[in-house]
Amino acid sequence: MAAKGAAIRGSERLYARGVPGGASWEEGNVDSVFHYTTKNACRICGGKNLERYLDLGAQPPSNAFVAPSEVSGESLIPLQVDLCTDCGLSQLSTVVSHDEVFGDYAYRSSSSRALERSFKDLANDVRSHAGGIEGRPLVADLGCNDGLFLSQLPRNEFRLLGVEPSSAGEDAIARGIEVEKVFFGEQAAQQLLESHGPADVLTTSNVLAHVDDIHSYLGGVKRWLGARGCFILEFPYLGDMLRGLWFDTVYHEHVSYLSISPLTVALERHGLRIFRIDSHEVGGSGPFLRVFIQHDTGDQEEPEVVTQYRRREEIWGVRDPQTYANFARSVARLADILRNDLDRWSAAGHRLGGYGAPAKGNTLLNYLGIGPDRLVAIADNTPGKIGLVTPGTHIPIVSDDEFLAMDIGLALLLSWNYLDFFLVHSEYIRRGGRFLCPFPAPYVSSRVSNTLAV
């Protein structure tokens with residue numbers, strides 16, 4: 001599963017070279033250059049009525065953690081979100097080459113206990129759909145990462161196949177799962193159909209938001225999915241991002257921010273339809289939608305749940321620029337409050353740090369302009385990140401044990417979606433530490449109370 005992750009660049013020297021309006025990546029050394037293109041039209045409806053509503057500045061790719069000696073060569077790429085007022089899609093103004101973002105990919109699904117629980121639930125949904133299919137149904141996970149989801153399904157009941165272009169696929173192979181190492185799209189789907197036959201169930205979790213050519217991707221689903229097949233799509237919901245002010249979920253990997261209204265437009269173009277939508281509170285990155293999709297036979301009415309989502313989106317203004325202008329103003333206010341809170345705690349004599357080094361945390365740190373002068377270190381136990389520094393802000397990443405020895409009085413919780421887990425299991429909290437939780441309004445949380453005033 002190519003979900004949130006970290007393309008660890010280590011000692012490489014990075015810089016960006018834009019290709020405004022270009023349709024392909026500029027020639028260059030991909031080991032040392034992030035290439036990107038400017039997006040001038042909506043990737044779903046093709047409309048040119050794009051309105052910029054969020055500008056988080058020029059930032060390094062959030063996954064490009066670097067060694068301390070290599071900070072001078074970092075990329076700076078615009079991080080801006082545009083609204084298509086025709087269909088309601090939110091998308092980045094620039095798109096970084098997926099080969100560079102998803103080549104050496106350090107994130108592993110198995111590092112998230114929340115994701116493991118979520119995948120067990122997804123496996124139950126797969127069983128429910130495929131239970132009536134004769135033989136051993138083919139279940140394929142598009143963007144299978146290290147194979148965590150597929151490992152939840154019994155191999156004696158299903159034929160399991162992962163599709164994963166990144167280095168994470170090697171871990172899935174080590175689990176004994178068959179993996180095709182390709183970027184999924186129409187051409188790949190035809191090859192997969194010829195080599196494996198029609199898919200009875202296709203799943204993809206936190207992947208579609210990463211895909212620039214959505215129509216090739218959905219066209220591939222249409223081509224590979226069997227006549228009675230089900231495509232189960234999981235993604236963070238735009239409505240949740242707007243309500244929670246989760247601007248940190250905006251980073252260069254996430255080229256789209258999805259809601260049901262534009263998604264139905266894209267699906268209709270490929271003869272696909274939604275027949276069920278489930279909302280879940282806890283996944284690898286927080287709340288998400290699980291959407292069930294099948295071939296459109298042309299004789300079915302739109303399910304009530306789809307109609308309800310579309311009506312609600314019209315009410316809160318999925319295509320209304322004012323909705324997003326309000327969001328951007330709230331984000332700016334939140335950033336000011338967070339800066340002031342950190343300054344106040346520091347002025348009171350507390351040593352400050354950060355907790356968790358997810359990609360989204362780097363968006364927050366760079367937008368707020370928070371560096372090692374405010375946060376002395378960030379605790380994270382991902383082996384590939386320890387000893388590196390955060391992209392752009394250059395805060396050292398240390399192990400939990402090193403962090404405990406630093407006498408940190410308050411830690412900005414960058415992995416805020418795991419607050420409940422950390423309150424129970426974090427040794428830092430057990431020893432009296434406190435988290436500053438950023439969303440939807442800053443508050444301090446500790447083992448004694450998770451609603452302390454800031």
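What's counted below: heavy atoms across the whole structure, side chains too, no hydrogens, waters or symmetry copies.
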Can you name the side chain to side chain donor-acceptor pair (under 3.5 Å) partners of [X], sequence neighbours left out?
X	answer
Q59	none
Y217	T204
N340	none
K181	E170

ring-ring contact (aromatic ring centres under 6.0 Å, His included) involving [X] - partner list, sequence neighbours excluded:
X	value
Y309	Y237
Y53	Y324
H215	H270

Residue set satisfying side chain to side chain contact (heavy atoms under 4.5 Å, CB included) with P391, at least two apart, ordered chain then number -> P60, F65, E74, N362
Show every ring-ring contact (aromatic ring centres under 6.0 Å, His included) that has at least one partner inside residues 362-391, sequence neighbours left out.
F247-Y367
Pairs in or reaching into [range]: which pass salt bridge (Lys or Arg N to Asp or Glu O under 4.0 Å), with residues at least two apart or in two chains?
range	value
residues 361-372	none
residues 48-65	R52-D82
residues 373-382	D343-R374

